[in-house]
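Worksheet for the structure shown next.
Side-chain atoms are counted along with the backbone in the values below, which use heavy atoms only and exclude waters and symmetry mates. Treat the numbers as computed from the prediction; the structure is a model and nothing was measured.
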Amino acid sequence: MGRGVLLRYRDFLPVTSATPLVTLGEGDTPLVRSGSLERELGCGELYFKLEGCNPTGSFKDRGMVVAVAKAVESGSSSVICASTGNTSASAAAYGSRFGLGVTVIVPKGKIALGKLAQAITYGAKIITIEDNFDQALHIVRTLVQKYPITLVNSINPHRIEGQKTAAFEIVDDLGDAPDYLFIPVGNAGNITAYWKGFVEYRQASRASRTPKMMGFQAEGAAPIVKGRIVKKPKTLATAIRIGNPASWHGAVAARDQSGGIIDCTTDDEILAAYKLMASKEGIFGEPASAASLAGLIKMVGQGLRLAGKRVVCIITGTGLKDPQVSLRHVEPIPQLPADLNVIEQTLGWN
Ligand code: F0G
């Protein structure tokens, strides 16, 4: 507990005697069995992997700790990333922890408030651009050609290495791989990483099989589903508002090798799953995270039979990151005087 992924999974990671084993306590996140949705959806067993319980509130910390440790090991003094928010928060946290300079480039107005607050408070240098994530990543790729600075987006293979540890944890917790893994897809690094983790664990005989990988994009940002770059991606799930995923090929390989799918869900389906997960299971994930449950609901609606099957949904980040989505979609909240009678009447309790 709290050892961090570098120490816990060092045998599966690019850890050398020179790698600093620093941690903020990432990994070891809860795998929580569903209270009621499992029955409603007819799954044998349904679990949620709560990646929002990582130190900066998203799965990015697993990969960032490895990428930043390797940057330090190689003598780098600064890191840079493009981000829809979570990568920048994680880079900023681990960069400050390791004493590195951190620069982040994010799309203006399209990053959730909590994520921006994190990057600011951890002390990153922040640039916002009047364009989307894909363009920010293009700029970052160009900058690292010109300056001695380490790129820590998931095209840095150390990020994928760290993120695959979530698959290890699922197998360690369940005793084997599940039948199905539902996961949101944005830049596609995470689905690539999970697949790598499941394959490596099977090769190491820690698991007897691998799951079908079920990736879900948002309908307005679904380049892999459409088979072409989306120039102007649109979705309220800003974390996955990406039109040209860097790990496109990794995602397609995970889908094809596992016998899974990559599909999309509408913003309305994402929002419904976001509310359902909170109101039925007590799990507050961010909108992008709800794409995994929205995808599961969609598949069951289309006739996927999951009786007797073990299903895991990855909840990639905490809902606290993006409170504005929640507040925008609620009924008006009553504002009353501090009067017991009025409160009782409004609650319908008298
Ligand atoms: N869920 C959340 C909460 C995310 O922040 C992201 C990606 C994804 C899912 C999709 O993962 O990109 O590996 O397919 N966020 C990136 C960022 C792009 O910059 O924070 P992916």
Do the ring planes of Tyr201 and Phe168 sit parallel (below 30°), tilted (30 to 60°) or perpendicular (above 60°)?
parallel

Hphob cluster co-occupancy, [X] + [Y], side-chain heavy atoms under 4.5 angstrom:
{"X": "Phe98", "Y": "Val152", "value": "yes"}
{"X": "Ile240", "Y": "Leu137", "value": "no"}
{"X": "Leu7", "Y": "Leu13", "value": "yes"}

Atom [atom1] of [X] with >12 non-hydrogen neighbours under 6.0 angstrom:
{"X": "Gln302", "atom1": "CD", "value": "yes"}
{"X": "His329", "atom1": "NE2", "value": "yes"}
{"X": "Lys226", "atom1": "NZ", "value": "yes"}

Full working for side-chain contact (heavy atoms from CB on, under 4.5 Å) between Thr84 and Ile242: CA-CA 8 Å; Thr84 57; Ile242 293 174; 4.1 Å; yes

Ion pair present between [X] and [Y], side-chain N to carboxylate O less than 4.0 angstrom?
{"X": "Glu40", "Y": "Lys280", "result": "yes"}
{"X": "Glu269", "Y": "Lys298", "result": "no"}
{"X": "Glu161", "Y": "Lys196", "result": "yes"}
{"X": "Arg209", "Y": "Asp179", "result": "yes"}
{"X": "Glu45", "Y": "Arg310", "result": "yes"}

- Tell me, with the steps shown, if Lys309 and Lys212 meet side-chain contact (heavy atoms from CB on, under 4.5 Å). CA-CA 11 Å; Lys309 302 290 185 199; Lys212 289 190 194 307; over 6 Å; no

- Would you sort out whether Val65 and Asp61 count as a side-chain contact (heavy atoms from CB on, under 4.5 Å), showing the intermediate values? CA-CA 6 Å; Val65 73; Asp61 297 342; over 6 Å; no

Exactly one of Leu41, Leu46, Val300 clears side chain to side chain contact (heavy atoms under 4.5 Å, CB included) with Leu306, and that residue is Val300

The side-chain hydrogen bond (donor to acceptor under 3.5 Å, both in side chains) partner of Ser289 among Thr316, Asp322, Thr318 is Thr316

The side-chain hydrogen bond (donor to acceptor under 3.5 Å, both in side chains) partner of Thr150 among Ser77, Ser78, Ser76, Ser74 is Ser76

dist Ser258:OG -> Phe198:CZ (nearest 0.5 Å) comes out at 10.0 Å

query: Is there a side-chain contact (heavy atoms from CB on, under 4.5 Å) between Tyr47 and Ile170 once you walk through the steps?
result: CA-CA 10 Å; Tyr47 296 87; Ile170 291 171; over 6 Å; no

